[in-house]
Amino acid sequence: MSKVLVSDSIDRAGIDILSQVATVDVKLGLKPEELIKIIGEYDALMIRSGTRVTQEVIEAGAHLKIIGRAGVGVDNVDVPAATRQGIVVVNSPEGNTIAAAEHAVAMMLSLSRHIPDANASVKKGEWDRKTFVGAEVYKKTLGIVGLGKIGSHVAAVAKAMGMKLLAFDPFISRERAEQIGCQLVDLDLLVQQADYITLHIPKTPETTHLINSEMLKKMKPTTRIINCARGGIIDEEALAVAIKEGTIAGAALDVYESEPLKESPLKSLGKEMVLTPHLGASTTEAQVNVAVDVAEQIRDVLLGLPARSAVNIPGLSPDILEELKPYMQLSETLGNLVGQLAGGRVELLNVSLQGELATNRSQPLVVAALKGLLFQALRERVNYVNASIEAKERGIRVIETRDDSIKDYAGSLHLEATGNLGTHSVTGALLGNGEIRVTNIDGFPINVPPSHHMLFTVHRDMPGIIGKIGSLLGSFNVNIASMQVGRKIVRGDAVMVLSLDDPLPEGILAEIIKVPGIRDAYTVTL
Ligand SMILES: NC(=O)C1=CN([C@@H]2O[C@H](COP(=O)(O)OP(=O)(O)OC[C@H]3O[C@@H](n4cnc5c(N)ncnc54)[C@H](O)[C@@H]3O)[C@@H](O)[C@H]2O)C=CC1
Ligand SMILES: O=C(O)C(=O)COP(=O)(O)O
């Protein structure tokens, strides 16, 4: 059974899903060296923002197939290192959107009305109605930096409160911003005009210290900043100075350059600074959402299926992936089959998408075919993340062709592998119920479901051969589950495909090849 390590606190709903397919160990608060010491035992790691998954952790995770981030930001994971090692990194892109957006709005209002300090003062026994006079957000300008999922929801709520909205996001169109009710402007204009600035961007080299002392100086003395995105987007030292000197009016922070926040000038500021301990995603609802979302993906990957929100498999949107999942399984099975028929070193794989499939995105299917093709060589080390890189490193060229005319099946996939031992081809399709059928082998029409142990022969179509093979297998105590023959012309060449209940014992293949009329025989294990 697979083993999953959960190293940050996640909702029980996620653990229950993982427990269906794996042994789950929950170990919170591990030190980096402790994590490195034990990670080698695990097939999957599930985290939130508390665990740093460094290159060292990844290199020590020799069996890791997947790292699941129960949340959005994967800046605590060395994603390039994971990709190099063939480890899928998944997150939950939408599970905590509302929670984070509502926290940002709550922080804006808390800061504006001094709620945290007023609350503390009442609890101390005071009744001070002068110190805590606040400011309204109605008719004020909110500058949203990053108009993605969270930024857009903040915009909707702020609009309902009567705020004027400016947005800076170089990757979205003016039309999209207008739809959301925001005027798209450049960052300079936004920081000069906004009364409130809220950050909703990822932390990247470009966004690190995006809000620095120079930017702070462009703001109005009445401006307040909210950061519920990532620590380090604001230069904390510069921010503390700007607030102390009255360059801006205040800030509300949920995230910090280093977490947990230790000694910091931010802590010595008064009611103009509101601090929360990275609580943006901490609602009951969001924690169930992200835990289920990510646990399902870990479960799928451990079962050999693709994940819907992998951040390191380029070009696969979750919707496309969901739609293509059955075809990816078809492609992977056919890749594995043709790889075993071809034997030796494959140099060229021709992937042909036929019928309905020809109109689909081919990249995931090619990746799946390569994963299947390389399985014999790499076993569990090959996956959707590294299949293309591994194929390239082995010098396997891929050619894609499309034929949108519909033949026997609505959509079918044809793979042809050429290597140092010759060329072999397989075709397959999906039935209405999603079952896979192999419909052609080396040009011979057949119709068989793939099975774990299979035997293929190429022989002369003549009486007696099938009986001889059956008796031979019987004498080795191998049970035949199903058998089918395909031929192009009567008494010409034919293929025989047998599904077996047991693996073929050593030496039997040599006996089969000796049977008169048999030209070739292959065993396949899928
Ligand atoms: N405090 C918390 O607990 C939580 C924090 N987050 C953080 O919130 C942030 C936003 O998350 P989502 O809205 O889900 O992401 P998203 O991917 O939907 O949106 C991010 C937006 O930022 C824009 N962007 C990227 N680089 C930019 C740049 N240099 N300047 C301006 N815009 C840029 C993108 O075009 C995109 O529209 C992330 O950093 C995430 O880690 C998310 C959930 C909870
Ligand atoms: O989803 C995110 O990006 C977050 O920052 C949430 O972090 P958390 O899961 O609460 O540690």
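Atom set for the values below is all heavy atoms of this structure, side chains included, hydrogens, waters and symmetry mates excluded. Order of appearance sets the numbers: ligands from 1, and atoms from 1 within every ligand. Values in this document were obtained by computation on a predicted structure and should not be read as measured data.
- Using modelled atom types and a 3.5 Å distance limit, the side chains of Asn312 and Thr83 yield a donor-acceptor pair.
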Enumerate, one pair per line, all nitrogen or oxygen atoms of ligand 2 lying under 3.5 Å from a protein nitrogen or oxygen, stating the separation to 0.1 Å; write 'none' if no such pair exists.
residue, atom, partner, partner atom, Å
ligand 2, 1 (O), Val72, N, 2.6
ligand 2, 1 (O), Asn96, ND2, 2.9
ligand 2, 3 (O), Gly73, N, 2.7
ligand 2, 3 (O), Arg230, NH2, 2.7
ligand 2, 5 (O), Arg230, NH1, 2.9
ligand 2, 5 (O), Arg230, NH2, 3.0
ligand 2, 5 (O), His278, NE2, 2.7
ligand 2, 7 (O), Arg69, NH2, 3.1
ligand 2, 7 (O), His278, NE2, 3.3
ligand 2, 9 (O), Arg48, NE, 2.8
ligand 2, 9 (O), Arg69, NH1, 2.8
ligand 2, 10 (O), Arg48, NH2, 2.8
ligand 2, 11 (O), Ser49, N, 3.0
ligand 2, 11 (O), Ser49, OG, 2.4

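- When side chains are defined from C-beta on, Gln287 counts as touching Val290, because their heavy atoms get closer than 4.5 Å.
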(message) side-chain contact (heavy atoms from CB on, under 4.5 Å), that's the test. Do Lys140 and Leu142 meet it? Break it down for me.
(response) CA-CA 7 Å; Lys140 300 281 166 46; Leu142 174 64; over 6 Å; no
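- Between Lys325 and Asp300 there is a salt bridge, since a side-chain N of the basic residue sits under 4.0 Å from a carboxylate O of the acidic one.
- Side-chain contact annotation: Thr276 with His103, donor-acceptor N/O pair under 3.5 Å present.
- Pairs passing the salt bridge (Lys or Arg N to Asp or Glu O under 4.0 Å) check and including a residue from residues 205-225, sequence neighbours excluded, read Asp188-Lys218, Asp195-Lys220.
- Among pairs with a residue in residues 67-79, those fulfilling side-chain hydrogen bond (donor to acceptor under 3.5 Å, both in side chains) read Asp75-Arg230, at least two apart in sequence or across chains.
- Partner of Leu45 under the side-chain contact (heavy atoms from CB on, under 4.5 Å) criterion, out of Val89, Val53, Ile87: Val53 alone.
- Annotation: ligand 1 has protein neighbours Val72, Gly73, Asn96, Ala100, Gly146, Leu147, Gly148, Lys149, Ile150, Phe168, Asp169, Pro170, Phe171, His200, Ile201, Pro202, Thr207, Cys228, Ala229, Arg230, Asp254, Val255, His278, Gly280, Ala281, each with a heavy atom less than 4.0 angstrom from the ligand.
- Between Glu33 and Lys31 no salt bridge is recorded (no basic side-chain N to carboxylate O distance below 4.0 Å).
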